[in-house]
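Everything below concerns the one structure shown next.
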Amino acid sequence: MGLMVEGKELDTDEEGYLLDLNDWTRAAGAELAKTESLEMTDSHWEVIDFLREYYDEYQIAPAVRVLTKAIGKKLGKDKGNSKYLYELFPYGPAKQACKVAGLPKPTGCI
Amino acid sequence: MLHIVNKSPFDKNSLESCLSCAQDGSAVLLYEDGVYGAIKGSAYAERLQSAMSNITVYALEPDVKARGIADKVIDGIKLVDYNGFVELTAEKEAVNSWL
Amino acid sequence: MSSVIKQFLYVNRKAPYGTVYALESLEVVLIGAAFEQDVRLLFMDDGVFQITKGQDTADIGMKNFSPTYGALGDYDVKYMYVCKQSLEERGLTVDDLLDLKWEDEDEDWAEKDSIILVDREEMKSLMTDADVVLSF
């Protein structure tokens, strides 16, 4: 199974997650968002960029609780709550946002 | 004879048994967790250094780097890469693996 | 979910790449910590090698998971005990270990050190005081 991005097919697993996070580009992120029926806005991308930076530094995708706390610290208290994140990613911020960010499924994610 | 050891001397006695059986002039290659035996100033360093007057000790560099101890290797231990490992096994007539 | 918070002590005694124990332990720690328990880690014996600085696994084809210990502060893991004697035996000092921190939300996110050196006597009480001890 694969994901077509700008004429190139990227490998994904059976749930549509990218197999190689180095394949990720913003265009790939946009295609992944379509598979989740997400209308991407700057607020969405802000979370995606955050997740990619977090993964780059720590080699894991954070659990939801950690994500909300860290987002609140970095982007402001009004964004550091699960309501805000679930509005952006209704099927679970960690799961859906990680998929769009091209990251593996988070350990212990809900 | 080439002896190869992949266990930490702080966890298993493989390296100790190996050193006590190694003939003068033979070679010992430390790889995987065996490279922890190569750390300078450890409780095992003196034992290995005294053995080094009669045997040649090598350590596999990729394993040394993976474990973050590249700047702590005892002077006189020779670092080899995978090709060097293959060359050593080809050069010595027998290999003894201490698991 | 239960609101009872238990104290978990994970005892790490194995070097990181030769066996899978260290990575398995880290994954269990991440899962346990996500459920808001009081999670503490103790590194002893070859387990102290899990948190050495400067690990570079590019040439052995394995994932370097040492950066992940740096995320544990975000999971409210505030206490990472390291056996002093195990360090000394291995020719290591605290300067050879990762600089692990946690941020105190009550003090405007002030960074605090997570690593605490302990001797054998202190390790005995750590194990006695924990509700659950998990050894890897």
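None of the values given here were measured: they were computed from a predicted structure. Below, chain A is the first sequence line, B the second, and so on; all start at residue 1.
Residues of residues 45-56 of chain A lying within less than 4.5 angstrom of chain C, judged on heavy atoms, are A:Tyr54, A:Tyr55 in numerical order. Along residues 100-120 of chain C, the residues that come nearer than 4.5 angstrom to chain A, judged on non-hydrogen atoms, are C:Glu103, C:Glu105, C:Trp109 in order of number.
Between the CG atom of C:Leu97 and the CD atom of C:Gln50 there is a distance of 11.5 Å, given to the nearest 0.5 Å. Between C:Met44 atom CE and C:Met123 atom CE the span is 3.5 Å, to the nearest 0.5 Å.
C:Tyr17 and C:Asn64 share a side-chain donor-acceptor pair at under 3.5 Å. Checked by atom type, the side-chain pair C:Glu122/C:Tyr81 shows no donor-acceptor distance below 3.5 Å.
Ring orientation note: the planes of C:Phe65 and C:Tyr69 are tilted relative to one another, at an angle of 30° to 60°.
Between the side chain of C:Ser125 and the main chain of C:Glu121, a donor-acceptor pair closer than 3.5 Å is present. Remark: the backbone N or O of C:Asp74 is paired with a side-chain donor or acceptor of A:Lys69 at under 3.5 angstrom. The backbone N or O of C:Asp95 sits less than 3.5 Å from a side-chain atom of C:Lys53, completing a donor-acceptor pair.
Shown are C:Asp45, C:Asp46, C:Asp96; of these, the side chain to side chain donor-acceptor pair (under 3.5 Å) with C:Arg90 is made only by C:Asp46.
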